[in-house]
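I have placed the structure first, in the form of structure tokens, so that the comments after it can refer back to it.
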Amino acid sequence: MRDTRESRLLLVLLIAIAFALITVDIRGGQESPVDGARQAASAVFGPVENGVAAAVDPIGNAIGAVRDSGERHTRIAALEQENAQLKAELGSDDRNRNRLRELDSMLKTAGAGQYGIKGAQVIAIGAAQGFSWTVTIDVGARDGITRDMTVLNGSGLVGRVTTVGPSTATVLLANDPDFTVGTRMEKSDELGFATGQGDRPLLVQLLNGKAKVKPGDRLVTFGSSGDKPFVPGVPVGEVVRVDPAGGGLTRNIYVRPYVGFTKLDIVGVVVQAPRSDPRDAVLPQKPKPAPTVTVTVTPPPPDGQQAADGQQPNTAQQGQNQQNQQSRDQGDATP
């Protein structure tokens, strides 16, 4: 395209339309007028993402695909390929072991909370929602996934489903600024609302401005009406900072989430809520403090004390004993 006045006007117009659509989408939230278009895009591109993920998932698939060796370098190329395959196999084993650990941890979390889950894998980062913290997972409507389902992993709350395609779904992560979830403090049951802050700790606004909170206290999800979008009892995070109480109706605290949002892989979508609130049962047990070792030092007995308990007698007593022994020896020697 030639650089003309008309082409520049067309570029400016397209940029303006793009920003307008983004603004309408953000302000519309769940009722966004472009949600239909987003679902259509998910239906079109979802299988492509699945295919790409399946193609690149085995680490060694692409190794050795592009090689241009002459006859002189045939042996070198073969050795390089063998070495690359061995490294790929080792890397694949490590990854598989890590996935098994994640899956085992997630199943334990689901079992503790009595959640019915559908396992999924993260196949893409950042869906069509622009600058939001989102991921795409490889399950969709065909797997029974619907909008506003809770997503978790072995560590705790991951997010909620926002868009569903036939074979994929988009998950809004809990650290997104547009994400809000009701929380409940462990033991004290103080209620609040947690909001994402990107790569910073979650901001939780407690409803009780005089609530007693300290770093290290833990939170779980409070749950929603009809268990959508959130089921109760899912671990959220641990308090790292508490704003001073200012006499207001609410109080702000800052919570480090249990989930590492930058390294998501295996997740579970809650397709069946628990029959009863698991309360704090899903939270991991706190580590027991190490026992304190006490060393007792016994002082030596004072000088002059008798050795009735087996201790050495003093010098004066030893001298008297020696004199008595000498007298007995002289008496035995007298004819």
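Summarising the geometry, atom CG belonging to Asp176 is positioned 10.0 Å from atom CZ belonging to Phe261; distances are rounded to the nearest 0.5 Å. Distance CG/Asn175 to CZ/Arg200: 11.0 Å, rounded to 0.5 Å. Atoms CG and CG, from Asn252 and Leu206 in turn, are 8.0 Å apart once rounded to the nearest 0.5 Å. Atom OH of Tyr254 and atom CG of Asp243 lie 4.0 Å apart (nearest 0.5 Å). Here Asn153 contributes atom CG and Ile117 contributes atom CD1; the two are 10.0 Å apart, rounded to the nearest 0.5 Å. The structure places CZ of Arg241 at 9.0 Å from CG of Leu203, a figure rounded to the nearest 0.5 Å.
By the criterion of side-chain heavy atoms lying less than 4.5 angstrom apart, applied directly or through intervening Ile, Leu, Val, Met, Phe, Trp or Tyr residues, Trp133 is grouped together with Val171 in one hydrophobic cluster. In the hydrophobic cluster analysis, where Ile, Leu, Val, Met, Phe, Trp and Tyr join through side-chain heavy atoms closer than 4.5 angstrom, Met149 is grouped apart from Val220. Under the 4.5 Å side-chain heavy-atom criterion for ILVMFWY residues, a single connected hydrophobic cluster contains both Leu157 and Leu107. Note on Met106: it clusters hydrophobically with Phe230, by side-chain heavy-atom contacts below 4.5 Å among ILVMFWY residues. Under the 4.5 Å side-chain heavy-atom criterion for Ile, Leu, Val, Met, Phe, Trp and Tyr, Val231 and Leu172 are members of the same hydrophobic cluster.
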For this session: Would you sort out whether Glu190 and Val213 count as a side-chain contact (heavy atoms from CB on, under 4.5 Å), showing the intermediate values?
Result: CA-CA 9 Å; Glu190 293 288 352; Val213 189; 5.7 Å; no
For this session: Under the side-chain contact (heavy atoms from CB on, under 4.5 Å) rule, what do Thr162 and Thr134 come out as? Steps first, then yes or no, please.
Result: CA-CA 9 Å; Thr162 56; Thr134 61; 5.6 Å; no
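For the pair Val122 and Val135, the tightest heavy-atom approach, listed with the atom from each and the gap, is CG1-CB, 3.9 Å. For Val282 against Gly113, the heavy-atom pair with the smallest separation is CG2-CA, 3.5 Å. In terms of heavy atoms, Gln197 sits closest to Leu202 at NE2-C, 4.2 Å. In plain terms, the two heavy atoms of Ala120 and Val139 that are nearest each other are CB-CG2, 3.7 Å. The two residues Pro232 and Asp227 make their nearest non-hydrogen contact at CD-OD1, 3.7 Å. Residues Ile253 and Val239 approach most closely at CD1-CG2, 3.9 Å, considering heavy atoms.
A donor-acceptor pair under 3.5 Å is absent between the side-chain atoms of Arg160 and the main chain of Lys228, judged by distance alone. Looking at Thr221, its side chain does come within 3.5 Å of a backbone N or O of Val234 through a donor-acceptor pair. When atom types are taken as modelled, the side chain of Arg251 and the backbone of Ala211 share a donor-acceptor pair closer than 3.5 angstrom. Between the side chain of Ser155 and the backbone N or O of Val259, no donor-acceptor pair lies under 3.5 Å. Thr163 contributes no side-chain N or O that, together with a main-chain N or O of Ala169, makes up a donor-acceptor pair within less than 3.5 Å.
Other residues sharing the hydrophobic cluster of Phe193, ordered by chain and number and joined by side-chain separations under 4.5 Å: Leu191, Leu207, Phe222.
With Glu238 as reference, Arg256 is the one residue of Arg256, Arg218, Lys214 to meet the salt bridge (Lys or Arg N to Asp or Glu O under 4.0 Å) rule.
Salt bridge Asp104/Arg101: absent, no basic N to carboxylate O contact under 4.0 Å.
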Counting only pairs under 3.5 Å, give me each side-chain donor-acceptor contact of residues 262-275, with atom names and distances, residues two or more places apart or in other chains.
unit_1	atom_1	unit_2	atom_2	d
Asp265	OD2	Arg99	NE	3.1

